**Student:** 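What follows is a structure written as structure tokens; I'll ask about it next.
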Amino acid sequence: MPEEMLAGRLNVRTREFVVKEVPKPKPGPGEVLIKVAAAGICLSDVHLIEGQLSPLFLDGDEVTLGHEVAGTVAEPGDGVAGWTEGQRVLLQAGELKGDWVHTRGVDYDGGWAEYALATADTLVPIPDDLSFEQACIVPDAVSTPWASIVRTAQVRAAQPVGVWGIGGLGAHAVQLLRLAGAAPIIAVDPVPAARQRALDFGADLALDPSDDIAARVRELTGGQGLAFAFDFAGVAPVREQAVRCLERDGALVLVGLTDQPLTIRNGTQFSYFGQRILGHYGSDPAHVVELVNLIRHSRLDLSRSISGTLPLSEAAEGVERLAQKQGDPIRLVLTP
């Protein structure tokens with residue numbers, strides 16, 4: 001009988017999610033078996049279960065969820081050099097296959113399990129003083145906003161910015177924009193606790209979307225407006241409001257994902273001021289390595305980011321807590 005393990009499995013056809021016993025995988029050539037210590041619960045996981053997202057490259061109907069993963073090397077496969085049993089690592093959230101990125105826990109089995117397979121070049125070593133719970137959220141929850149700031153927007157010091165949606169990614173965006181030197185940083189969220197979190201993470205002003213946001217922005221920026229407005233919510237009203245806050249040549253950065261149409265109410269004004277819309281998705285492997293280095297050298301602290309931990313057996317409860325925003329979490333983490 002093959003050795004078994006617990007895994008959180010989603011049937012993408014029926015959308016049934018269940019934690020069950022499955023065969024423990026064996027690493028093939030170029031692969032490494034990872035003993036999972038922590039795995040983040042992302043809103044993308046909720047959307048997969050609810051059916052708003054579907055895998056593009058999955059072979060079969062079932063997949064083990066989880067693209068934010070950290071743990072220790074359990075067994076290197078044939079031909080793998082440089083990795084030994086017990087090394088502390090995080091896993092990149094996906095890998096390039098041909099011309100397409102395949103996402104862990106979406107297009108192939110992820111880390112909501114006691115053990116996970118990873119190709120050797122998707123492993124990133126982590127410092128001994130970085131907890132697994134904090135390490136696992138670096139790919140995606142931290143690297144996606146970081147990449148949107150340094151690659152897509154290319155924010156420079158002293159540029160005024162706005163962040164709409166202070167959830168798992170938006171909260172880190174505020175923290176990282178502060179690190180990048182943006183000023184001022186204006187956060188917008190309807191939840192009072194999220195607005196307070198934004199201030200705690202380094203925002204200069206936190207507003208309710210029912211406020212006259214454009215007027216407050218221009219007041220704080222001396223009439224200038226925002227160089228960049230980051231949308232982490234992915235909803236039409238946010239995008240319309242954010243565009244009205246842009247300066248000449250300013251850009252709306254779309255990080256929150258939605259399949260709904262994007263409309264610009266005053267297209268003539270948008271064109272006259274040379275404003276832009278920048279789409280953003282995910283991050284590159286180098287961004288994850290950069291963030292680990294920032295953590296290693298005490299430039300970035302993720303200790304406030306873990307809103308709670310749950311055992312793997314309670315994954316469905318964690319998904320429900322995130323879907324319902326119970327306690328307004330930044331990140332909930334499963335600990336197999």
Side-chain angles (χ1 to χ4, degrees), residues 7-13 15 17 22 25 27-28 30-34 36 38-71 89-113 115-124 135-148 151-152 167-169 172 232 234 254-259 279-289 291-292 312 315 318-319 322-323 331-334 336:
R9 301 280 286 174
L10 174 68
N11 185 306
V12 298
R13 184 174 47 83
R15 301 294 167 170
F17 173 76
V22 299
E31 294 182 328
V32 179
L33 183 67
I34 302 299
V36 178
I41 303 176
C42 176
L43 199 58
S44 297
D45 298 310
V46 176
H47 292 161
L48 279 164
I49 292 171
E50 293 179 345
Q52 292 103 313
L53 293 177
S54 293
L56 293 176
F57 307 108
L58 180 64
D59 183 15
D61 289 336
E62 279 198 6
V63 65
T64 299
L65 297 183
H67 56 274
E68 298 180 341
V69 190
V89 297
L90 61 76
L91 305 183
Q92 297 281 4
E95 57 186 296
L96 189 64
K97 295 186 178 182
D99 294 331
W100 300 95
V101 172
H102 290 220
T103 302
R104 189 183 309 279
V106 180
D107 299 305
Y108 60 97
D109 285 342
W112 289 11
Y115 291 87
L117 285 179
T119 53
D121 60 2
T122 63
L123 274 61
V124 179
C136 78
I137 71 169
V138 171
D140 192 20
V142 190
S143 67
T144 292
W146 177 244
S148 76
R151 181 189 69 195
T152 299
L169 273 68
H172 292 120
F232 285 91
L254 306 180
V255 188
L257 302 179
T258 177
D259 58 1
H280 179 82
Y281 182 82
S283 61
D284 295 333
H287 294 124
V288 173
V289 175
L291 289 163
V292 171
L312 176 60
V319 169
L322 181 58
R331 262 304 185 263
L332 297 171
V333 172
L334 299 174

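The residues of the chain are indexed from 1 along the displayed sequence. Keep in mind it's a predicted model, so treat the numbers as computed, not measured.
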**Student:** Could you give the distance from CG (Leu43) to CZ (Arg331), rounded to the nearest 0.5 Å?
**Tutor:**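 Answer rounded to 0.5 Å: 8.0 Å.
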
**Student:** Do you know the tightest heavy-atom contact between Ala118 and Leu91?
**Tutor:**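 Heavy atoms of Ala118 and Leu91 come nearest at CB-CD2, 3.9 Å.
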
**Student:** Do Val36 and Leu312 have side chains that get closer than 4.5 Å, going by heavy atoms?
**Tutor:**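 Of all side-chain heavy-atom pairs linking Leu312 with Val36, none is under 4.5 Å.
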
**Student:** Please name the pair of heavy atoms, one in Arg104 and one in Gly66, separated by the smallest distance, quoted to 0.1 Å.
**Tutor:**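 Minimum heavy-atom separation between Arg104 and Gly66: CG-O, 3.8 Å.
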
**Student:** Quick check: do Tyr281 and Leu257 have side-chain heavy atoms less than 4.5 Å from each other?
**Tutor:**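 The answer is yes; the side chains approach within 4.5 Å.
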
**Student:** Report yes if some heavy atom in the side chain of Trp112 is under 4.5 Å from a heavy atom in the side chain of Val319; otherwise report no.
**Tutor:**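 Side chain of Trp112 against side chain of Val319, heavy atoms only: contact under 4.5 Å found.
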
**Student:** Between Val292 and Leu90, is a side chain to side chain contact (heavy atoms under 4.5 Å, CB included) present by the stated rule, with each step listed?
**Tutor:** CA-CA 10 Å; Val292 171; Leu90 61 76; 3.9 Å; yes

**Student:** Taking all non-hydrogen atoms of both residues, which atom of Tyr108 and which atom of Val63 are closest, and how far apart?
**Tutor:**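 Taking every non-hydrogen atom into account, O-CG2, 3.5 Å.
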
**Student:** Distance alone, cut at 3.5 Å: any donor-acceptor contact between the side chains of His280 and Thr152?
**Tutor:**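 Yes, because at least one side-chain N or O of His280 sits under 3.5 Å from a partner of the opposite role on Thr152.
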
**Student:** Mind listing the closest non-hydrogen atom pair of Ala113 and Ala7 along with its distance?
**Tutor:**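 Shortest heavy-atom contact: CB-CB, 3.8 Å.
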
**Student:** Taking the side chain as everything from C-beta on, heavy atoms only, tell me whether Asp107 gets closer than 4.5 Å to Lys97.
**Tutor:**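 Counting from C-beta outward, Asp107 and Lys97 never come under 4.5 Å.
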
**Student:** Between atom CG of Leu58 and atom CG of Asp109, what is the distance when rounded to the nearest 0.5 Å?
**Tutor:**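 So the gap between those two atoms works out to 8.0 Å.
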
**Student:** Treating Glu31 as the side-chain partner and Leu117 as the backbone partner, does any N or O pair qualify as donor plus acceptor under 3.5 Å?
**Tutor:**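 No.
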
**Student:** Taking distance alone, no hydrogens or angles, what donor-acceptor pairs closer than 3.5 Å link side-chain atoms of residues 47-57 to residues at least two apart or in another chain?
**Tutor:**
unit_1 : atom_1 : unit_2 : atom_2 : d
Glu50  : OE1    : Gln52  : NE2    : 3.1
Ser54  : OG     : Arg15  : NH2    : 2.5

**Student:** Could you check whether any side-chain N or O of His172 sits under 3.5 Å from a backbone N or O of Leu169, counting only pairs where one atom can act as donor and the other as acceptor?
**Tutor:**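 Checked: no pair found.
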
**Student:** Kindly indicate, with the supporting measurements, whether the criterion side chain to side chain contact (heavy atoms under 4.5 Å, CB included) is fulfilled by Gln92 and Asp121.
**Tutor:** CA-CA 9 Å; Gln92 297 281 4; Asp121 60 2; over 6 Å; no

**Student:** What I'd like to find out is whether the side chain of Ile34 reaches to under 4.5 Å of the side chain of Leu123, using heavy atoms alone.
**Tutor:**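 Contact flag for Ile34/Leu123 side chains = yes.
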
**Student:** For Asp61 and Asn11, indicate whether the former's side chain and the latter's backbone hold a donor-acceptor pair under 3.5 Å.
**Tutor:**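 Absent.
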
**Student:** CZ of Arg13 to CD of Glu62: how many Å apart, nearest 0.5 Å?
**Tutor:**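 Arg13 CZ to Glu62 CD: 9.5 Å, rounded to 0.5 Å.
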
**Student:** Which atoms form the tightest heavy-atom contact between Ala116 and Gly110, and what is the distance?
**Tutor:**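 So the minimum-distance heavy-atom pair works out to CB-O, 3.8 Å.
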
**Student:** Using a 3.5 Å cut-off and no angle test, enumerate the donor-acceptor pairs between side-chain atoms of residues 136-144 and protein atoms at least two apart in sequence or in another chain.
**Tutor:**
unit_1 : atom_1 : unit_2 : atom_2 : d
Asp140 : OD1    : Thr144 : OG1    : 2.8
Asp140 : OD2    : His67  : NE2    : 2.8
Ser143 : OG     : Val138 : O      : 3.3
Ser143 : OG     : Asp140 : N      : 2.7
Ser143 : OG     : Ser283 : OG     : 2.9
Thr144 : OG1    : Asp140 : O      : 3.2

